[in-house]
Protein chains: 2
Amino acid sequence: MEKNLKIINACDTNCPVKKSLDILSGKWTMMILYQINTRTIRYGELKRAVVGISEKMLIQELNSLVERKLVSKKAYPEIPPRVEYKLTELGVKTLPIIDQIAAFGLENLV
Amino acid sequence: MEKNLKIINACDTNCPVKKSLDILSGKWTMMILYQINTRTIRYGELKRAVVGISEKMLIQELNSLVERKLVSKKAYPEIPPRVEYKLTELGVKTLPIIDQIAAFGLENLV
DNA sequence: TTAGGTACTTACTAAATGGTTAGAAATATT
DNA sequence: AATATTTCTAACCATTTAGTAAGTACCTAA
């Protein structure tokens, strides 16, 4: 028995919680995933749904989410422009997390 | 039908996701909850378990978690000091969230 | 010709967060 | 007498993140 066997699941670089948070942290990230959810949604709708977010932050988050493969983006070559976002297969897998977070808020935070 | 009936669960101040994140966001918060989990743990153990955290951040987070009623603290009047932390009833209710986050990391992030 | 709609971009500023270092307190051990 | 132990505090600085405000592009309708 080594003395450090006590720490079985220490949070180092391999910690699954840390890895998930690398992707999911950020003031707006989970709220955006929550709003996209199972639907296809346009940029403007999302902007109205995520009350208080600035255009800069919304675009920045969306680009980042697309880069991280949680969200996919489809732009139609129209004027005025039309861009649709939806969750990827990987993004859909975050929904159980979001559901738990929403449930916790509903049940415990007034 | 009003035109804004479309936005049924908009993320404004009453959004349960937003409310939960107010409490749970922060670089170290969920990792600390993950490490405390169902056990009673001393400050020093926690420091070793959450690899990379500074003493300042750990104490700051713990104080904040105690204030938010997610963690309870018991200090023994001994020298050298001994302080134990564990999750409150409310804190335990965050574990399903943490479990989902850990599962997501394990299954999807290398 | 002017205004409106949609999806962005850019430059700048402000605020929140995190890190480093040093130290304090009280006792036991060397 | 000096050192170690354990938990925690304070001052200061650096970095990261978020917010503000303005502008761009292109076409349509008034």
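Naming convention: chains lettered A, B, ... in sequence-line order (proteins, then strands); numbering from 1 in each chain.
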*Send over the distance from B:M57 CE to D:dT15 C1', rounded to a whole Å.*
13 Å
*Side-chain contact, heavy-atom cut-off 4.5 Å: A:L46 with A:I53?*
no
_Sub-4.0 Å heavy-atom contacts from residues 63-74 of chain B onto DNA chain D, ordered by number_ = B:N63, B:K73
*Would you mind reading off the distance between B:I53 atom CD1 and D:dT7 atom P, rounded to a whole angstrom?*
14 Å
*What is the distance, rounded to the nearest whole Å, between atom OH of B:Y76 and atom P of D:dC8?*
13 Å
*asked:* I need the CG-C1' distance between A:D22 and D:dT16, as an integer number of Å.
replied: 14 Å
*asked:* What residues from residues 25-32 of chain B pass a heavy-atom cutoff of under 4.0 Å to DNA chain D?
replied: none
_Degree of bending in the helix from C:dT1-D:dA30 to C:dT30-D:dA1 once both end axes are built from five pairs, to 10°_ = 20°
*A:I79 or B:I79, whichever maps to the more 5' nucleotide of DNA chain C*: A:I79
*Output every pair passing side chain to side chain donor-acceptor pair (under 3.5 Å) with a member in residues 49-60 of chain B, not counting sequence neighbours, ordered by first then second residue.*
B:K47-B:E55
*Check whether any side-chain heavy atom of A:L62 lies under 4.5 Å from a side-chain heavy atom of A:Y43, and answer yes or no.*
yes
_Whole angstrom value for the distance that separates C1' of D:dA11 from CD of B:Q60_ = 13 Å
*Assign each of A:S54 and B:E55 to its nearest nucleotide of DNA chain D by heavy atoms, then name whichever residue's nucleotide is nearer the 5' end.*
B:E55
*With respect to the phosphate group of D:dT7, does any side-chain polar atom (N or O) of B:R42 fall under 4.0 Å of OP1 or OP2?*
yes
*Would you kindly give the OH-to-C1' distance between B:Y43 and D:dC8, to the nearest whole Å?*
7 Å
*Can you give the first and last nucleotides of DNA chain C, 5' to 3', that have an atom under 4.0 Å from a heavy atom of chain A?*
C:dG5 to C:dA11
*Is there a side-chain contact between B:N37 and B:I98 (heavy atoms, below 4.5 Å)?*
no
*Would you say the side chain of B:L87 lies within less than 4.5 Å of the side chain of B:L95, judging by non-hydrogen atoms?*
yes
*Does anything in residues 17-30 of chain A pair up under side chain to side chain donor-acceptor pair (under 3.5 Å), and if so which pairs, sequence neighbours excluded?*
A:T29-A:E61
*Taking NZ from B:K47 and C1' from D:dT6, how many angstroms apart are they, rounded to a whole number?*
9 Å
_Check: A:G105 main-chain N/O paired with A:N108 side-chain donor or acceptor under 3.5 Å_ = no
*Whole angstrom value for the distance that separates P of D:dT16 from CD of A:E61*: 16 Å
